[in-house]
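Note that ligands are numbered from 1 as they come in the structure, with each ligand's atoms numbered from 1 the same way.
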Amino acid sequence: MQITAAAGPITNIAADTYVLPLAQGIRTLTGDLAAVDALMGGTITSMLNDGLIKGIGGEITVLPPGRRLKAKRVVIAGVGERPKMTLDGIRDRAANLARRLRDIDAGTVAASVQEQSGRLDATDVGRVIAEGFILGLYRFDRHHTKAADRPANTVGDVTIVESTRKARQSAAGVAEGVILGEATNLARDLGNEPSNLMTPTIVASRAQQMANELGIECRIIERAEAERLKMGSYLSVANGSVQPPKFIVLTYTGLRRRGGYIGLVGKGITFDTGGISIKPAEGMEAMKGDMTGAASVIAAISAIARLKLPVNVMAVAPCTENMPSGSATKPGDVVYAMDGQSIEVLNTDAEGRLVLADAIVWARQNGCTTVVDVATLTGAMSVALGNVRTGVFCNNDRLYAELEKASAISGEKIWRFPLDPEYFESIKSDVADIKNTGGRLAGSITAAKFIECFAGDTPWAHMDIAGVMAATTDRGWKVKGNNGTPVRTLVQFVKGRARA
Ligand code: BES
Ligand code: MN
Ligand code: ZN
């Protein structure tokens, strides 16, 4: 499926299916709706007058086109009351609509968007509609070998149709939305893949392949080098696994000179059994997604490179399995992070913070002047915020404000959590500088306090995506499986820096 933009009227565009949004409460049709209605002999108007279509949000009416239109069918898509339209609502609606179009095997689609862009910016509308189509149609079905389990219905190429006046803006938005949607789906693909097929080695080769395609630098720090660099915290997590750990670094230099990199650091546990502090069997399979942070930063930098943003960015993804075995780290073991801080590993299932510690130190020592880490870090996050918002912890108000702006654009909601010094008391250790668990209370915050120890005075934010990692049903832009969150927020954050 290709998504492109074009200037209306829609009646000049050849497609199997025309999609026309209809707002609720409209009496007289204008624009593409009026043009199509005229060629259909007034069918839409009379159905509207007879109350057969109302424009209620989510209402879908499939009509035969008659003889004078280029399309095989006309879909009238209710979009609700115009003043209530938001970009987040339009993205979700586009995603829901896209799945309906797939159900009816819509073929190629020309979708008018004029109805929705009255008060909203045409670039934004183009972007969220492209995102909605690409995210909403995503499916992870590559391991189904039976045709019946891989529905043949598809949506063909999609043309987003704006009025001539707004076509240029719309096209720019659509182009950006395509890149953002595809990057999110890349993260979803990596996150949905089972751990036997997404080992650290495979993550590294996927990163390398992407880097080659986009002409960005990719460096894989192997175990021996990590040992030389004294990444004792990161390596302690890899002790129990037969899979070699891979510390992935992708560098995009969009400015004329190197330096001042934004570091995007992603937790890359390709499977989290808990290690010696082993997890219960029930639901453990979800831990194949424990590398979603890594997937997100790899995908985000791919979009940043495709958008050619004038900014320097590094994606750092410490990848390893967390396994129990005769060589695994044991509760009570003391390990040393790259910056010399000692850590008592009280619970080997609190491994995410251990790999992030060395990754953040490495990023700061290698040219990153801002660090945003992304991690499926704590189950406590879903207790606090459910699957709706990502919890964000930040040592810098300006940085948080930037992330908040980015999140408003992406529609991936965030919520700020505190980092009061009192919380640090719970991670003080009797035998080392700090311990890797802080007890039952405020588990997400004490985890963030641990990571904060390695950020020093660098502006740093930590996004705990454990709660929003995956969806259980198709709803709006989210589809069953990994959500690819927060790829689009990361890209918008970096884009905000590029403008500044
Ligand atoms: N990867 C898990 C957190 C997680 C849980 C992510 C559910 C996604 C869904 C993390 O490594 C973990 O095990 N955290 C422990 C920390 C505890 C031992 C302090 C937790 O949350 O129970
Ligand atoms: Mn764990
Ligand atoms: Zn984990």
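Counting heavy atoms under 4.0 Å from ligand 1, residue M291 does not touch it at all.
Residues forming a salt bridge (charged side-chain N to carboxylate O under 4.0 Å, His left out) with E321 (at least two apart in sequence, or on another chain): none.
For A350, every N, O or S atom stays at 2.8 Å or more from the Zn ion (ligand 3).
One finds an angle of 100° at the Zn ion (ligand 3) between OE2 on E351 and OD2 on D290, to the nearest 10 degrees. Angle OD2(D272) to the Zn ion (ligand 3) to NZ(K267): 170° [nearest 10 degrees].
Around the Mn ion (ligand 2), protein N, O or S atoms at less than 2.8 Å comprise D272 OD2, D349 O, D349 OD1, E351 OE1.
Only one option out of R142, R206, R188 pairs with E193 in a salt bridge (charged side-chain N to carboxylate O under 4.0 Å, His left out); it is R142.
The closest approach between M381 and ligand 1 stays at or above 4.0 Å for every heavy atom of the residue.
Taking every heavy atom of E351 and a limit of under 4.0 angstrom, the matching atoms of ligand 1 come to 11 (O). Atoms of ligand 1 lying under 4.0 Å from at least one heavy atom of R353, given by number and element, are 16 (C), 19 (C). Residue contact check: K267 has heavy atoms under 4.0 Å from atoms 1 (N), 10 (C), 11 (O) of ligand 1. Atoms of ligand 1 lying under 4.0 Å from any heavy atom of T376, numbered from 1 in the order shown and given with element: 1 (N), 2 (C), 3 (C), 6 (C).
Between the side chains of T292 and N482, at least one donor-acceptor pair of N or O atoms lies under 3.5 Å.
The side-chain heavy atoms of E344 and N436, taken from C-beta on, include no pair separated by under 4.5 Å. For the pair F393/I445, a side-chain contact is recorded, criterion being any heavy-atom separation below 4.5 Å from C-beta on. Counting heavy atoms from C-beta outward, V372 and L490 have side chains that approach closer than 4.5 Å.
The existence of a salt bridge linking E412 and R488 is confirmed by a sub-4.0 Å separation between a basic side-chain nitrogen and an acidic carboxylate oxygen. For D373 and K267, the salt-bridge test fails: no basic side-chain N is under 4.0 Å from an acidic carboxylate O. We find that R219 and E225 are joined by a salt bridge, their nearest charged nitrogen and carboxylate oxygen being less than 4.0 Å apart. Between E404 and R416, no side-chain nitrogen of the basic residue sits less than 4.0 Å from a carboxylate oxygen of the acidic one, so the salt-bridge criterion is not met. Note on K449 versus E452: salt bridge recorded, some NZ/NE/NH1/NH2 to OD/OE distance being below 4.0 Å. The pair R127-D124 meets the salt-bridge criterion, since a charged nitrogen lies less than 4.0 angstrom from a carboxylate oxygen.
Looking at atom 15 (C) of ligand 1, its nearest protein heavy atom turns out to be D349 O, 4.0 Å. For atom 7 (C) of ligand 1, the closest non-hydrogen atom of the protein is M287 CE, 3.6 Å. Of the protein's non-hydrogen atoms, the one nearest atom 18 (C) of ligand 1 is N347 ND2, 3.5 Å. Nearest to atom 19 (C) of ligand 1 among the protein's heavy atoms is T437 CG2, 3.5 Å. At the top of the distance list for atom 10 (C) of ligand 1, counting protein heavy atoms only, stands L377 O, 3.2 Å. Regarding atom 2 (C) of ligand 1, its nearest protein heavy-atom neighbour is D272 OD2, 3.6 Å.
Between T378 and ligand 1, a contact under 3.5 Å exists for no N or O pair. Of the polar atoms of G379, at least one N or O is found under 3.5 Å from an N or O of ligand 1, judged by distance alone.
The distance between the ring centers of F247 and W362 falls below 6.0 angstrom.
Using modelled atom types, one side-chain atom of D358 and one backbone atom of Y234 make a donor-acceptor pair closer than 3.5 Å.
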Task: Verdict with reasoning, N192 to Y138, per side-chain hydrogen bond (donor to acceptor under 3.5 Å, both in side chains) - done: CA-CA 12 Å; N192 282 327; Y138 175 83; 3.2 Å; yes
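Atom 13 (O) of ligand 1 lies below 4.0 Å from at least one non-hydrogen atom of the protein.
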